[in-house]
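Reviewing the structure listed below.
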Amino acid sequence: MPDPSPTKPIVWTIASSDSGGGAGIQADLHTFSALECHGCSVITAVTAQNSCQVIGYEAVSPALLCAQLNCLLEDMPPQAIKIGLIPEPELLQLLADWLRQHKAAYQFTVIADPVLSSSSGYDFISQSSLSIWRRQLMPLLDLITPNLPELALLSGLPQASEQQQADQLLAAGAKSVLIKGGHSDIRQFVCDTLRTAARPDIILSHNRLPTQNNHGTGCVLSSAIAASAAHNYTLIDSVIIARAYLQQALSLSYTTGKGAGCLQHNSWPENPLYFPHLSEPLQARQEAQAFAAMVSPIGLYPVVDSVQWLLSLLPCQPDVIQLRLKQGDAKDIEQQIKQAINLSRDYGLRLFINDHWELAIKHGAYGVHLGQEDLLQADLAAIASAGLRLGISTHSYTELLIARQLKPSYIALGHVFATQTKQMPSKPQGLTKLKRYAALCRDIPTVAIGGIGLQQIKDVAACGVDGIAVVSAITAQHKPQQAYNDLLQQWSSYHAYNS
Ligand SMILES: Cc1ncc(COP(=O)(O)OP(=O)(O)O)c(N)n1
Ligand SMILES: Cc1ncsc1CCOP(=O)(O)O
């Protein structure tokens, strides 16, 4: 089934041309295209540069900047805008006024890469530009992505900590700040910090790649964030995708002239090696203990809400099943869990217990399934030490990466389609996202959940997941055993076809 909106999201870059082709407008458009967006360019200046130096630039006239903005807005309004090098204060002021006039009505996301000087040392910034950045532009930005020198300069607090400097930008009105750590003297890793007023910092760390071919990294990162935001990923997910895209492009980068070479634009990042390690500040980058493996594939995975349901599916000889008890007092819940575990032993069934991890350990279940909130409370080390498998629910790149770091036995991806079974706080992920998430989990079994029935199995199986978890496709059917058998038959044929 194709996604309902096949047209590409529109993203604009408002930036300068790089005659060397590795940064600026040229890099931005390559990035948009690789990340499946349509890119439009609003050129603020033409620079004369090669891989070694910037020789000079000429800015466009305010009238021409205005004409580009208005002409595009009339016909091709953006889902997201990336702002790059704007070398003249007059143009910066014009842009700030224009954004203020249109942002609320058009609801686009604005990401700014504050290019204040070139990496080869050419200065583009004046005092009046700095003041416009701080007072006029900052309140219009959803995210600003300074490197450490830019952060110090923009904040006006060169002696303060990076966090205090970022807080200064937040106080000036930016909604969030991505502090890029590429210029720090940590040699093994590059750590970028996403700081917002609303939640604790998130640190994204990568191995530092030994390459000099890094011309245009800031342009590519900010463009990739804008492209991902245009695909409706959350801001943190957009930063994650963009950082993975950048790591991929850096690892494939190539030499152009005698100076810093260029990044290799590619396609949507799928290799987990390119994705960041996520942590809260000060959290050690430690290896988690892996949970027991699933050994054989998950396949069809019924999720039932009583022992009665489990009993009624036993004639179908299910291989794996989840008991998801949401009602009953403590005594009744323990009683049902105990009975279900005994049945699972008698019938050689792999039984996962949802939520009640302590009872699952106590009575020796095959595994535990935990959601995001449960993860915060559960004693994961106790579950692992007891030899139980762990399944984790995820609904985004952020949750998926954190789940991967915990080395669970499987990862659930959902909800894929609208579901009547549970009120979900997030929107359905759809097939495109499911496929991208599954691609990132080739080394961990995955199971798709949410709105999956006979009609959906073909498309879901094509996304590369290892199983499908279903509730109503069995429990809301007139003949649940028949429904089980039909789902199993359909899954088996399409899964085999796709593997
Ligand atoms: C296989 C599978 N995937 C997801 C869920 C949902 O679990 P959770 O997020 O804990 O939500 P509740 O089930 O508690 O409503 C699941 N149970 N199984
Ligand atoms: C428990 C749960 N978690 C995410 S979707 C969902 C319900 C899935 O039910 P159904 O298969 O009936 O859509």
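Side chains included, hydrogens not; waters and symmetry mates left out as well; all remaining heavy atoms used.
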So, for [X] and [Y], which heavy atoms are closest and what is the spacing to 0.1 Å?
X	Y	value
V368	F352	N-CD2, 3.4 Å
S228	A242	OG-N, 4.4 Å
A227	L35	CB-CB, 3.9 Å
L351	L310	CD1-CD1, 3.9 Å
Q107	A104	NE2-O, 3.0 Å
L313	P318	O-CD, 3.2 Å

Set of residues satisfying salt bridge (Lys or Arg N to Asp or Glu O under 4.0 Å) with respect to D332, sequence neighbours excluded: none
Looking just at side-chain N and O atoms, do [X] and [Y] make a donor-acceptor pair shorter than 3.5 Å?
X	Y	value
D18	Q26	no
Q322	Y301	yes
T211	S253	yes
Q489	N485	no

Considering residues at least two apart in sequence or located in another chain, which fulfil the side-chain contact (heavy atoms from CB on, under 4.5 Å) criterion with [X]?
X	answer
V190	D192, R208, R243
S267	none
I333	L325, I337, H356, L359
P445	M294, I298, Y410, D466

Compare all side-chain heavy atoms of [X] with those of [Y] and state whether any distance is below 4.5 angstrom.
X	Y	value
D319	R350	yes
L370	L380	yes
Q429	Y437	yes
L413	V447	no
P78	Y106	no
L69	I14	yes
L143	V239	yes
H102	F108	yes

If we ignore hydrogens and angles and just use 3.5 Å, is the side chain of [X] paired with the main-chain N or O of [Y] as donor and acceptor?
X	Y	result
K82	C219	yes
R404	L440	yes
S33	L29	no
Q490	G453	no
W12	M76	yes
T109	I81	no
S238	A229	yes
E399	H395	yes

When the ring planes of W268 and Y233 are compared, do they come out parallel, tilted or perpendicular, using 30° and 60° as the limits? tilted
What orientation do H30 and H265 show, parallel under 30°, tilted 30 to 60°, or perpendicular over 60°? parallel
Enumerate donor-acceptor pairs with a distance under 3.5 Å from any side-chain N or O in residues 415-422 to protein atoms, sequence neighbours excluded.
unit_1: T419; atom_1: OG1; unit_2: T421; atom_2: N; d: 3.0

CA sep, side-chain torsions, deciding dist, call: I392, Q372, side chain to side chain contact (heavy atoms under 4.5 Å, CB included): CA-CA 7 Å; I392 300 180; Q372 289 294 313; 4.0 Å; yes
[X] side, atom [atom1]; [Y] side, atom [atom2] - distance, nearest 0.5 Å:
X	Y	atom1	atom2	result
C441	R436	SG	CZ	14.5 Å
I236	Y397	CD1	OH	13.0 Å
L390	I411	CG	CD1	9.5 Å
I383	E358	CD1	CD	9.0 Å
T193	L178	OG1	CG	7.5 Å
K407	I444	NZ	CD1	9.0 Å

Could you tell me whether [X] atom [atom1] has more than 12 heavy atoms of other residues or ligands within 6.0 Å of it?
X	atom1	answer
Y347	OH	no
K427	NZ	no
Q317	CD	no

Side chain to side chain contact (heavy atoms under 4.5 Å, CB included), that's the test. Do L487 and L454 meet it? Break it down for me. CA-CA 6 Å; L487 288 163; L454 267 186; 4.1 Å; yes
Is it true that K103 and D142 have a side-chain N and a carboxylate O under 4.0 angstrom from each other?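 Looking at D142 together with K103, the answer is yes, because their closest N to O distance falls below 4.0 Å.
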Between E162 and R195, is there a side-chain N and carboxylate O pair less than 4.0 Å apart?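 A salt bridge is absent here (no side-chain N lies under 4.0 Å from a carboxylate O).
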Evaluate the side chain to side chain contact (heavy atoms under 4.5 Å, CB included) criterion for residues I474 and V304: first the C-alpha distance (whole Å), next the side-chain angles of each, then the deciding distance (0.1 Å), finally the verdict. CA-CA 9 Å; I474 293 175; V304 297; 6.0 Å; no
Between L434 and D459, does a side chain to side chain contact (heavy atoms under 4.5 Å, CB included) hold up when you go through it step by step? CA-CA 10 Å; L434 179 66; D459 294 322; over 6 Å; no
